[in-house]
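Have a look at the structure below, then the notes.
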Amino acid sequence: MKRVRVIGVGPGDPDQVTLEAVRAMRESAYFVVSDKSAALTSERGGMPDPLVVARERLLDRHLDAAPVVVRIEDPSRERRPERTGTQEEYDAAVEAWHDARARAYEDALRGHDGDAGFLVWGDPAFYDSTIRVLERVGRRLPLEVSVVPGISSVQLLAARHRLVLHEVGQALHVTTRRRLAEAVLPPPHGQGQDNVVVMLNRVVDLTGPGLDLGDWSIWWGGNLGTPSEELVAGRVRDVVAEVEAARARCKEAAGWVMDIYLLRAPESAA
């Protein structure tokens with residue numbers, strides 16, 4: 001039986017790692033980390049995976065001894081729009097990626113003794129695959145998995161903008177950029193949500209054909225909790241160019257961009 005700790009470490013600020021997470025890190029013999037350096041080398045001419053570097057710095061901050069980091073080359077994932085345009089194609093691409101990750105995780109766990117730690121950006125409950133992938137590993141290799149929650153970017157977005165994510169007694173809808181239209185378009189074409197947190201953004205396009213949210217309010221944050229953090233708020237049509245510029249600065253400064261935003265319909269924002 002292999003013991004595994006899935007540890008939420010917050011959006012990037014070492015001070016936002018909980019005491020429970022620090023204890024779990026100190027009780028782990030080694031840490032399994034997916035490394036995208038090979039993909040970045042082919043795309044950008046060679047560079048280390050900045051998220052791996054960030055995790056190693058976090059470990060150095062909270063551990064008394066040098067950590068043992070087991071890097072696995074992150075399996076490639078199909079992202080081409082022409083191959084992932086439909087929901088079925090997208091689901092199949094993610095399924096194949098999870099299978100490949102499960103095999104890599106299994107090899108790492110079989111090859112090392114002691115308790116393993118998996119450091120998850122933010123909180124493991126929000127759009128992260130680690131728990132699902134380890135469930136696949138557990139079908140072939142007996143695992144005892146524990147999960148430590150972390151501060152999520154959802155919480156930090158609200159804190160940075162000094163806002164409550166929903167109006168009094170109202171609902172909050174959390175979704176991905178891919179499914180944003182489905183969430184906000186009125187029935188029968190969508191769900192008619194008017195207060196939406198959006199994660200997993202490859203682009204921020206809110207004023208295009210079929211999805212004109214120009215009069216909505218947006219509270220946006222990029223690379224929250226890191227030195228490259230950026231914040232933008234305002235009416236979408238007034239600040240969408242500012243958001244794009246801030247995203248570019250995040251990527252230039254850190255080598256990556258993770259952003260999240262709250263959208264609120266005009267009537268709700270009033």
Side-chain angles (χ1 to χ4, degrees), residues 10-13 16 36 40 43-44 47 50-51 54 79-81 84-85 90 121-123 126-128 151-167 170-186 190-270:
D13 186 343
Q16 291 167 356
K36 298 180 181 179
L40 294 174
E43 291 175 7
R44 305 177 195 172
M47 65 178 295
L51 291 180
R79 296 183 183 273
R80 289 172 290 181
T84 58
Y90 176 80
W121 221 243
D123 182 274
F126 282 106
Y127 293 110
D128 183 80
I151 299 296
S152 72
S153 60
V154 179
Q155 296 165 277
L156 191 52
L157 178 75
R160 288 293 194 259
H161 284 288
R162 301 177 300 281
L163 58 86
V164 178
L165 291 171
H166 52 79
E167 299 289 20
Q170 298 303 305
L172 173 68
H173 187 81
V174 181
T175 190
T176 66
R177 175 59 184 84
R178 183 182 183 89
R179 307 194 71 161
L180 178 58
E182 172 188 323
V184 301
L185 290 177
Q191 302 171 20
Q193 301 287 345
D194 61 4
N195 194 63
V196 183
V197 167
V198 186
M199 305 176 74
L200 299 186
N201 302 291
R202 291 183 65 80
V203 297
V204 178
D205 180 10
L206 305 176
T207 59
L211 187 66
D212 188 357
L213 304 178
D215 288 328
W216 287 47
S217 295
I218 185 171
W219 293 266
W220 176 90
N223 290 10
L224 294 171
T226 75
S228 58
E229 175 179 295
E230 295 268 357
L231 299 171
V232 177
R235 190 172 67 158
V236 168
R237 73 172 72 259
D238 296 334
V239 301
V240 65
E242 189 177 345
V243 168
E244 292 291 355
R247 291 186 94 241
R249 289 194 298 271
C250 283
K251 195 164 188 177
E252 176 67 23
W256 51 275
V257 56
M258 288 186 183
D259 61 342
I260 180 173
Y261 51 92
L262 172 69
L263 287 171
R264 188 170 289 169
E267 297 80 6
S268 300

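In what follows, residues are counted from 1 in the order of the sequence shown.
- Between R235 and D215, the shortest heavy-atom distance links the atoms NH1-OD1, 3.4 Å.
- Under a 3.5 Å cut-off, the side chain of H173 and the backbone N or O of D194 do not form any donor-acceptor pair.
- The CZ atom of R264 sits 12.5 Å away from atom CD1 of I218, with the distance rounded to the nearest 0.5 Å.
- Annotation: side chain of Y261 is not in contact with side chain of V243 (no heavy-atom distance under 4.5 Å).
- Contact check for N201 versus R247: side-chain heavy atoms found under the 4.5 Å cut-off.
- Each of K251, R249, R160 was checked for a salt bridge (Lys or Arg N to Asp or Glu O under 4.0 Å) with E230, and the lone residue meeting it is R249.
- Interatomic distance, CH2 of W216 versus CG of L262, reported as 9.5 Å (0.5 Å rounding).
- Contact annotation: the side chain of L206 approaches that of L180 to within less than 4.5 Å [non-hydrogen atoms, C-beta and beyond].
- Using a 4.5 Å heavy-atom threshold, the side chains of E242 and V240 count as separate.
- When side chains are defined from C-beta on, V236 counts as touching L263, because their heavy atoms get closer than 4.5 Å.
- Side chain of N195 to backbone of L165: a donor-acceptor contact under 3.5 angstrom is found.
- Among all heavy-atom pairs drawn from V239 and G234, the shortest one is CG1-CA, 4.0 Å.
- Panel note: side chain Q155, backbone S152; a donor-acceptor pair is recorded below 3.5 Å.
- Across P11 and I151, no two heavy atoms sit closer than the pair CD-O, 3.4 Å.
- Considering all non-hydrogen atoms of both residues, M199 and S153 come closest at CE-OG, 3.7 Å.
- Here the side chain of D128 pairs no donor or acceptor atom with the backbone of D123 at under 3.5 angstrom.
- Within the 4.5 Å cutoff, the side chain of D13 has no heavy atoms near those of the L156 side chain.
- Atom CZ of R202 is surrounded by 12 or fewer heavy atoms from other residues, nucleotides or ligands within 6.0 Å.
- Summarising the local packing, CZ of R177 is surrounded by more than 12 heavy atoms from other residues, nucleotides or ligands at distances under 6.0 Å.
- Side chain of D259 to main chain of G221: no donor-acceptor pair is present (N/O by atom type, distance under 3.5 Å, no hydrogens or angles).
- Across every non-hydrogen atom of W256 and T226, the tightest pair is CH2-CG2, 3.9 Å.
- One distance of note links CE of M258 with SG of C250; it measures 11.5 Å at 0.5 Å rounding.
- Considering every non-hydrogen atom in both H161 and L231, the closest pair reads NE2-CD2, 3.8 Å.
- Put simply, OH on Y127 and CD1 on I260 are 10.0 Å apart, with the number rounded to the nearest 0.5 Å.
- Residue L213 holds its CG atom at 9.5 Å from CG of D205, rounded to the nearest 0.5 Å.
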